[in-house]
Chemist: 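The structure's right below; bear with me while I get my questions together.
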Amino acid sequence: MFRPMHEGKPADALGFTFDGRALTARAGDTVAAALLANGIQACRQTPVSGAARGPYCMMGVCFDCLVVIDGVGNRQGCLVPLREGMRIETQAGRRHPDGARS
C-alpha cells in the first residue's frame, strides 16, 4: 500500500547542521524527518518548564517540532523541506519579537 518516495533510485544526501553538529539526510525529507533520522528526538524546550519536546504529529498541527532555522525561530520543522547547508538549532523557550533568544 505504501512505498518509499525514492523507490528505485537512492535519494541524494544533503548536509546540514543541528546545534553546530554536521549531519546528513535524504533530499526530500523535512527538517523534522531529518532530525529523527539522525536520532535527534528533542528539538525544543518549552518556555514554562523547560521540558524537552520533539516532532509528534508530523503534519503541522501540534507545534512540538519548533526549531530555529538559519536564525529564524518558531519554524515548524515538519513543514519545512530540508535544504543543503541549513543551520538548525534547538529552540529554547519562546521567540522574542526582536530576534533575541531567551
Side-chain angles (χ1 to χ4, degrees):
M1 178 173 184
F2 295 103
R3 60 185 164 78
M5 290 174 37
H6 305 288
E7 190 172 304
K9 64 174 184 158
D12 294 329
L14 297 177
F16 67 101
T17 62
F18 180 70
D19 289 342
R21 199 169 102 206
L23 301 170
T24 60
R26 299 179 312 177
D29 282 351
T30 63
V31 168
L35 294 176
L36 290 171
N38 279 281
I40 298 164
Q41 296 180 352
C43 60
R44 77 176 183 102
Q45 297 168 343
T46 60
V48 175
S49 69
R53 305 297 289 186
Y56 180 68
C57 75
M58 297 298 284
M59 60 183 190
V61 175
C62 72
F63 295 89
D64 279 340
C65 63
L66 293 177
V67 289
V68 177
I69 299 176
D70 294 331
V72 179
N74 284 352
R75 302 290 310 273
Q76 285 180 272
C78 69
L79 299 179
V80 178
L82 186 69
R83 290 185 325 272
E84 179 69 35
M86 268 187 170
R87 289 178 299 110
I88 304 161
E89 301 170 63
T90 298
Q91 180 160 315
R94 66 184 179 89
R95 178 179 175 215
H96 293 279
D98 64 1
R101 311 265 291 287
S102 53

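Excluded from the calculations below are hydrogen atoms, water molecules and symmetry mates; all remaining heavy atoms, backbone and side chain alike, are included.
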Chemist: Closer than 3.5 angstrom, by distance alone: can the side chain of Asp70 be matched with the main-chain N or O of Arg87 as a donor-acceptor pair?
Modeler: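 A pair under 3.5 Å: yes.
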
Chemist: Hey, could you give me each pair passing salt bridge (charged side-chain N to carboxylate O under 4.0 Å, His left out) that has a residue in residues 14-25? Not counting sequence neighbours.
Modeler: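 Non-adjacent pairs meeting salt bridge (charged side-chain N to carboxylate O under 4.0 Å, His left out): zero.
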
Chemist: Which heavy atom in Pro81 sits nearest to a heavy atom in Leu79, and how many Å separate them?
Modeler: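 So the minimum-distance heavy-atom pair works out to CD-O, 3.5 Å.
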
Chemist: Tell me whether Glu84 at atom CD has more than 12 heavy atoms from other residues, nucleotides or ligands lying less than 6.0 Å away.
Modeler: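 It does: Glu84 CD has more than 12 such atoms within range.
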
Chemist: Who else is in Met59's hydrophobic cluster (ILVMFWY, side-chain heavy atoms under 4.5 Å, direct or via others)?
Modeler: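 Val61, listed by chain and number.
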
Chemist: Under the rule for side chain to side chain contact (heavy atoms under 4.5 Å, CB included), what residues qualify as partners of Ala25, not counting sequence neighbours?
Modeler: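 So Ala25 forms a side chain to side chain contact (heavy atoms under 4.5 Å, CB included) with Phe16, Asp29, Ala34, Asn38, Leu82.
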
Chemist: Which heavy atom of Arg75 sits nearest a heavy atom of Gln91, and at what distance?
Modeler: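 What the structure gives for the nearest pair is N-OE1, 4.5 Å.
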
Chemist: Measure across Pro55 and Cys65 and return the closest heavy-atom pair with its distance rounded to 0.1 Å.
Modeler: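 Looking at all heavy atoms of both residues, the closest pair is CA-CB, 3.9 Å.
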
Chemist: Does Leu66 share a hydrophobic cluster with Ile69, counting links as ILVMFWY side-chain heavy atoms below 4.5 Å and allowing steps through other members?
Modeler: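 Result: no, two separate clusters.
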
Chemist: Is the shortest side-chain heavy-atom distance between Val80 and Val67 below 4.5 Å?
Modeler: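 A side-chain contact under 4.5 Å is absent here.
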
Chemist: Side-chain heavy atoms under 4.5 Å apart, restricted to Ile/Leu/Val/Met/Phe/Trp/Tyr: what other residues fall into the cluster of Met58, or is it alone?
Modeler: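 Listed partners: Leu36.
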
Chemist: Please collect all side chain to side chain donor-acceptor pair (under 3.5 Å) contacts where either partner lies in residues 48-65, sequence neighbours excluded, each pair once.
Modeler: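 Of all non-adjacent pairs touching residues 48-65, those that pass side chain to side chain donor-acceptor pair (under 3.5 Å) are Arg44-Asp64, Thr46-Ser49, Arg53-Asp64.
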
Chemist: Just how far is it from atom SG of Cys62 to atom CD of Gln76, taken to the nearest 0.5 Å?
Modeler: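 Here the rounded value is 8.0 Å.
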
Chemist: As an exercise, state the distance from SG of Cys43 to CD of Glu89, rounded to the nearest 0.5 Å.
Modeler: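 Going from the SG atom of Cys43 to the CD atom of Glu89 covers 12.5 Å.
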
Chemist: So if you build clusters from Ile, Leu, Val, Met, Phe, Trp, Tyr with side-chain heavy-atom gaps below 4.5 Å, do Phe18 and Leu14 land together?
Modeler: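 Yes, one cluster joins them.
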
Chemist: How would you list, by chain and number, every residue that makes a side chain to side chain contact (heavy atoms under 4.5 Å, CB included) with Gln45, sequence neighbours excluded?
Modeler: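 Residues passing side chain to side chain contact (heavy atoms under 4.5 Å, CB included) with Gln45: Ala92.
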
Chemist: Are side-chain heavy atoms of Arg26 and Asp12 found at a separation under 4.5 Å?
Modeler: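 SC-SC contact between Arg26 and Asp12 ruled out.
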
